Engineer: 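Sharing a structure with you now.
Here the structure is a predicted model, which is why all the values come from computation and not from measurement.
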Amino acid sequence: VGIDTSPSNAGDAVRRTVDSSGISFLAGDGEHIPLAEGTFDGAMMECVLSTFYDKPAAAMELSRVLKSNGRLGVSDVVVEGELPEELRSPLTDVFCVGRALSVRGYLDVIERGGFEVRVVEKMKQETLDFLSQVRRQIFLAKMLAGVGKLGLDQEDLDYARHVLSLAVTAVERGELGYVAITARKC
């Protein structure tokens, strides 16, 4: 079951998976999941926990809908220390950076939610690889915009490259990253 706060996103997902047996989507709030206690054996949150304002409530709600000994997988952006202002702008909320926690912060939220953390894997190289892909996409966008095939302003693309450069530096310094966590409901 996939849950999205947007009814239109949930509806789109249902339409795209109409032939997929056992897959369903519904509109709902991760802090108030509209399902019974002990519904699932496991849950996965991919770049989602960072987006909640009340992360402990979301973790407790996941614990509620998981069966005893249910498993939880969380992968998300982590911030260790202070980032430059450009990496804390409202735009970076789209990339899960704006409200991201430190690794310890996520572990505290997950543990307070009723889970025992089993594995923590920091994914520095994967983060750098992803940013390299973004760099290539910005380069391509600049080329297309330069020949009039893409309606983007060169100044905006230059700013995107600047912010990307700040992100790469922050990852290399260990200030920004990505983590994968597995846990089991206590």
Engineer: Taking all non-hydrogen atoms of both residues into account, name the closest pair between Glu31 and Phe52 and its distance.
Structural biologist: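 Smallest heavy-atom distance, with atoms named: OE2-CD2, 3.4 Å.
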
Engineer: With a sphere of 6.0 Å drawn around CZ of Phe40, does it hold more than 12 non-hydrogen atoms of other residues, nucleotides or ligands?
Structural biologist: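 Atom CZ in Phe40 is crowded, with more than 12 foreign heavy atoms closer than 6.0 Å.
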
Engineer: Without placing hydrogens or testing angles, list every side-chain donor-acceptor pair under 3.5 Å for residues 175-186, not counting sequence neighbours.
Structural biologist:
{"unit_1": "Tyr178", "atom_1": "OH", "unit_2": "Glu46", "atom_2": "OE1", "d": "3.1"}
{"unit_1": "Tyr178", "atom_1": "OH", "unit_2": "Glu46", "atom_2": "OE2", "d": "2.3"}
{"unit_1": "Tyr178", "atom_1": "OH", "unit_2": "Ser75", "atom_2": "OG", "d": "3.4"}
{"unit_1": "Thr182", "atom_1": "OG1", "unit_2": "Val119", "atom_2": "N", "d": "3.4"}
{"unit_1": "Lys185", "atom_1": "NZ", "unit_2": "Ser63", "atom_2": "O", "d": "2.7"}
{"unit_1": "Lys185", "atom_1": "NZ", "unit_2": "Leu66", "atom_2": "O", "d": "2.7"}

Engineer: Do any side-chain atoms of residues 111-118 form donor-acceptor pairs under 3.5 angstrom with protein atoms, and if so which ones, sequence neighbours left out?
Structural biologist:
{"unit_1": "Glu111", "atom_1": "OE1", "unit_2": "Arg104", "atom_2": "NH2", "d": "3.0"}

Engineer: Quick check for you: to the nearest 0.5 Å, what is the distance between Met44 atom CE and Leu62 atom CG?
Structural biologist: 11.5 Å

Engineer: Identify, with sequence neighbours excluded, every residue that meets side-chain hydrogen bond (donor to acceptor under 3.5 Å, both in side chains) alongside Ser50.
Structural biologist: Asp76

Engineer: For the side chain of Lys124 and the backbone of Glu172, is there at least one donor-acceptor N/O pair under 3.5 Å apart?
Structural biologist: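 Side chain of Lys124 to backbone of Glu172: a pair is present.
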
Engineer: Could you identify which residues cluster with Leu157, counting Ile, Leu, Val, Met, Phe, Trp and Tyr as linked when any side-chain heavy atoms lie under 4.5 Å apart, either directly or through a chain of such contacts?
Structural biologist: Leu140, Leu144, Leu150, Leu152

Engineer: Closest heavy-atom contact between Ala170 and Leu87?
Structural biologist: CB-CD1, 4.2 Å

Engineer: Backbone N or O of Val65 within a donor-acceptor pair of the Glu37 side chain at under 3.5 Å?
Structural biologist: no

Engineer: Which donor-acceptor pairs under 3.5 Å do side chains of residues 158-165 form with protein atoms, sequence neighbours excluded?
Structural biologist:
{"unit_1": "Asp158", "atom_1": "OD1", "unit_2": "Lys142", "atom_2": "NZ", "d": "2.6"}
{"unit_1": "His162", "atom_1": "NE2", "unit_2": "Glu86", "atom_2": "OE2", "d": "3.3"}

Engineer: Tell me which pairs pass side chain to side chain donor-acceptor pair (under 3.5 Å) where either residue lies in residues 132-141, with sequence neighbours left out.
Structural biologist: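 Listed by first then second residue: Ser132-Arg136.
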
Engineer: Show the numbers, then the answer: is there a side-chain contact (heavy atoms from CB on, under 4.5 Å) between Val77 and Cys47?
Structural biologist: CA-CA 7 Å; Val77 173; Cys47 204; 4.3 Å; yes

Engineer: Could you go through Asp12 and Phe25, starting from their C-alpha distance and side-chain angles, then the distance that decides it, and tell me whether this counts as side-chain contact (heavy atoms from CB on, under 4.5 Å)?
Structural biologist: CA-CA 9 Å; Asp12 288 346; Phe25 294 88; over 6 Å; no

Engineer: Are Lys149 and Met143 packed together at the side-chain level, in the sense that at least one heavy-atom pair is separated by less than 4.5 angstrom?
Structural biologist: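 They are not in contact (no side-chain heavy atoms under 4.5 Å apart), so the answer is no.
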
Engineer: Treating Arg64 as the side-chain partner and Ile33 as the backbone partner, does any N or O pair qualify as donor plus acceptor under 3.5 Å?
Structural biologist: yes

Engineer: Could you state the interatomic distance from CG (Leu131) to CG (Leu166), rounded to the nearest 0.5 Å?
Structural biologist: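 Answer for the CG-CG pair, Leu131 versus Leu166, is 11.5 Å.
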
Engineer: Report whether Val120 and Leu49 are members of the same hydrophobic cluster (ILVMFWY, side-chain heavy atoms less than 4.5 Å apart, transitive linking).
Structural biologist: yes

Engineer: Step by step, work out the side-chain contact (heavy atoms from CB on, under 4.5 Å) result for Val109 and Leu101.
Structural biologist: CA-CA 10 Å; Val109 166; Leu101 300 176; 3.9 Å; yes

